[in-house]
Participant: 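Before anything else, here's the structure in question.
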Amino acid sequence: MSLSYDLLRTFLTVYRARSVTRAAELLQLSQPAVTAQIKSLEQAVRRPLFERVARGMSPTPAADELAGRVAVPLDALDELVTGDLGEPAEVFGRAVHLGGPAELVCARVLPSLAPMVADGLRLRVTLGLPEELLSALGDGSLDLVISSVRPRRTGLRVEPLCDEEFVLVAAPGWSVSQLERAPLVAYAENLPILRRYWRTVFDTRLTRSPALVVPDLRGVLAAVMAGAGVTVLPRYLCAAELADGRLVALLEPELPPINTLFLASRAGTQHPAARAVHGHLLLQGHAWS
């Protein structure tokens, strides 16, 4: 089976963007042209690659397998086509400056990028809130930013990276029947994650004040495991604790609240190392939860 570079590049762009519309913008093609290329590729591999969902395009297991096989060689070929490919040491010769939320960066991003660092990538990480990180991206201090809110600034390329699912948790011994009197533990005084959970799951407005505020979700996790009260956390951050029983999920709603995280970069050409990190994160991020 012979597959053209153009078909595979279009496929990988749709796979990473999770959207035909966004892929068409990135490829500077019409949406019908992108759709036609995906259909041609599906006919060639004789398997469906995407399903249309409310939030865009959802890849099938066949798409996951294909992306895993073609992403690295296609990205390397892109370097050659654009004339930026040098010796391996040259590709990673310039440090990549990456910004993002402390919890996701530490729990998911750094482990994902560790093999690239071992192969020669130089990485500089800044942890912080979206607004300050996006300002640094805009002025050139950062190459890439992972943002927990969709950036609305002009001049940025913004792509969905992953969805985080929120779960209501407490130490063993607490139950949902005690929720009204349980102390609330949060990372900010205005309880942003808890208020969203209450609104989505309980269809009510949370008006209580937190008993404990820690401006780092890892600190919130530690306090709740020690019995301080209840909180809402991204599932990826507490998956191990839920699995081994140090935490319990007080509810498992059929449609849990989720939040999409975005990968932002400046519009235009990135240096080769930043492009390599950008592509790797988009490929890996959809497996994070």
Side-chain angles (χ1 to χ4, degrees), residues 1-85 112 134 137 143-147 149-164 258-272 274-289:
M1 176 180 60
S2 176
L3 300 177
S4 73
Y5 165 85
D6 287 339
L7 286 183
L8 291 174
R9 171 48 64 199
T10 297
F11 157 74
L12 192 59
T13 304
V14 174
Y15 182 88
R16 287 170 167 170
R18 294 300 202 264
S19 163
V20 168
T21 301
R22 181 59 180 151
E25 294 173 354
L26 295 171
L27 294 166
Q28 297 185 333
L29 297 172
S30 67
Q31 292 185 40
V34 171
T35 299
Q37 289 190 30
I38 293 299
K39 288 182 178 178
S40 295
L41 184 59
E42 289 179 325
Q43 291 172 357
V45 300
R46 299 179 181 177
R47 289 184 290 180
L49 296 173
F50 297 98
E51 296 177 356
R52 289 194 176 274
V53 295
R55 299 169 64 86
M57 301 291 281
S58 176
T60 65
D64 292 333
E65 178 185 355
L66 182 59
R69 293 173 59 188
V70 306
V72 171
L74 277 180
D75 287 340
L77 185 57
D78 272 350
E79 301 288 354
L80 180 62
V81 170
T82 57
D84 290 327
L85 185 64
S112 175
L134 292 169
L137 177 64
D143 298 305
L144 299 165
V145 165
I146 297 169
S147 175
V149 296
R150 177 183 281 277
R152 300 296 181 184
R153 297 166 181 254
T154 60
L156 296 184
R157 174 184 179 184
V158 179
E159 295 159 278
L161 176 64
C162 64
D163 288 333
E164 54 183 3
I258 63 170
N259 182 55
T260 300
L261 292 127
F262 299 91
L263 183 60
S265 57
R266 288 184 301 281
T269 303
Q270 295 175 313
H271 64 82
R275 275 207 301 273
V277 171
H278 181 272
H280 180 82
L281 290 178
L282 288 178
L283 188 62
Q284 296 296 314
H286 298 297
W288 301 340
S289 60

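Note that the structure is predicted; figures quoted are calculated from it, not measured.
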Participant: Nearest 0.5 Å, please: how far is CG in Asp6 from CG in Leu41?
Facilitator: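 Leu41 CG to Asp6 CG: 11.5 Å, rounded to 0.5 Å.
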Participant: Taking the six-membered ring of Tyr15 as reference, does the NZ or CZ atom of Arg18 fall below 6.0 Å from its centre and within a 45° cone about the axis?
Facilitator: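 That pair qualifies as a cation-pi contact.
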Participant: So which heavy atom on Leu161 is nearest to which on Leu281, and how close?
Facilitator: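 Between these two residues, the closest heavy atoms are CD1-O, 3.2 Å.
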Participant: Please confirm whether the backbone N or O of Arg275 pairs with a side-chain atom of His280, one donor and one acceptor, at under 3.5 Å?
Facilitator: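 Looks like no, no N/O pair under 3.5 Å.
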Participant: With rounding to the nearest 0.5 angstrom, report the CD to OG1 distance, Glu51 to Thr60.
Facilitator: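 The OG1 atom of Thr60 is 7.0 Å from CD of Glu51, to the nearest 0.5 Å.
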Participant: Could you go step by step and tell me if Asp143 and Ser265 meet the side chain to side chain contact (heavy atoms under 4.5 Å, CB included) rule?
Facilitator: CA-CA 6 Å; Asp143 298 305; Ser265 57; over 6 Å; no
Participant: I need the Arg16 CZ to Leu263 CG distance, nearest 0.5 Å.
Facilitator: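 Going from the CZ atom of Arg16 to the CG atom of Leu263 covers 10.5 Å.
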Participant: Do Ile258 and Glu164 have side chains that get closer than 4.5 Å, going by heavy atoms?
Facilitator: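 A side-chain contact is absent here, since even the closest heavy-atom pair is not under 4.5 Å.
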Participant: Would you check, one step at a time, whether the test side chain to side chain contact (heavy atoms under 4.5 Å, CB included) holds for Val158 with Phe262?
Facilitator: CA-CA 6 Å; Val158 179; Phe262 299 91; 3.9 Å; yes
Participant: Measure across Pro48 and Ala62 and return the closest heavy-atom pair with its distance rounded to 0.1 Å.
Facilitator: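 Result for this residue pair: O-CB, 3.9 Å.
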Participant: Between Leu12 and Ala71, what is the shortest heavy-atom contact and its length?
Facilitator: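 Looking at all heavy atoms of both residues, the shortest contact is CD2-CA, 3.8 Å.
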Participant: Let's go through Arg22 and Met57 carefully: what are the C-alpha distance in whole Å and the side-chain angles of both, what is the deciding distance for side chain to side chain contact (heavy atoms under 4.5 Å, CB included) to 0.1 Å, and is it a yes or a no?
Facilitator: CA-CA 11 Å; Arg22 181 59 180 151; Met57 301 291 281; over 6 Å; no
Participant: Measure the spacing between CD of Glu25 and OG of Ser30 and express it to the nearest 0.5 Å.
Facilitator: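 Here the interatomic distance stands at 12.5 Å.
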Participant: Can you confirm whether more than 12 heavy atoms, excluding those of Arg69, are under 6.0 Å from its CZ atom?
Facilitator: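 Not buried by this count: 12 neighbours or fewer within 6.0 Å.
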Participant: So, Arg266 side chain and Arg157 main chain: donor-acceptor pair closer than 3.5 Å or not?
Facilitator: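 Here the side-chain-to-backbone pair does not exist.
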Participant: Can you tell me how far CG of Leu134 sits from CZ of Arg153, rounded to the nearest 0.5 angstrom?
Facilitator: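 Taking CZ in Arg153 and CG in Leu134, the distance rounds to 5.5 Å.
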Participant: Determine yes or no for a side-chain-to-main-chain donor-acceptor pair under 3.5 angstrom, with Thr260 supplying the side chain and Asp163 the backbone.
Facilitator: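 No; zero donor-acceptor contacts below 3.5 Å.
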Participant: Rounded to the nearest 0.5 Å, how far does OG of Ser147 lie from CG of Leu137?
Facilitator: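 Spacing of CG (Leu137) from OG (Ser147) equals 10.0 Å.
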Participant: For Phe11 versus Ile38, what's the shortest heavy-atom pair and its separation?
Facilitator: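 Closest heavy-atom pair between Phe11 and Ile38: CA-CD1, 3.7 Å.
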Participant: Identify the two heavy atoms, one from Gly285 and one from Cys162, that lie closest to each other, and give their separation to 0.1 Å.
Facilitator: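 Here Gly285 and Cys162 meet closest at O-CB, 3.0 Å.
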Participant: Would Ser40 and Leu7 count as a side chain to side chain contact (heavy atoms under 4.5 Å, CB included) here? Give the steps.
Facilitator: CA-CA 8 Å; Ser40 295; Leu7 286 183; 4.2 Å; yes
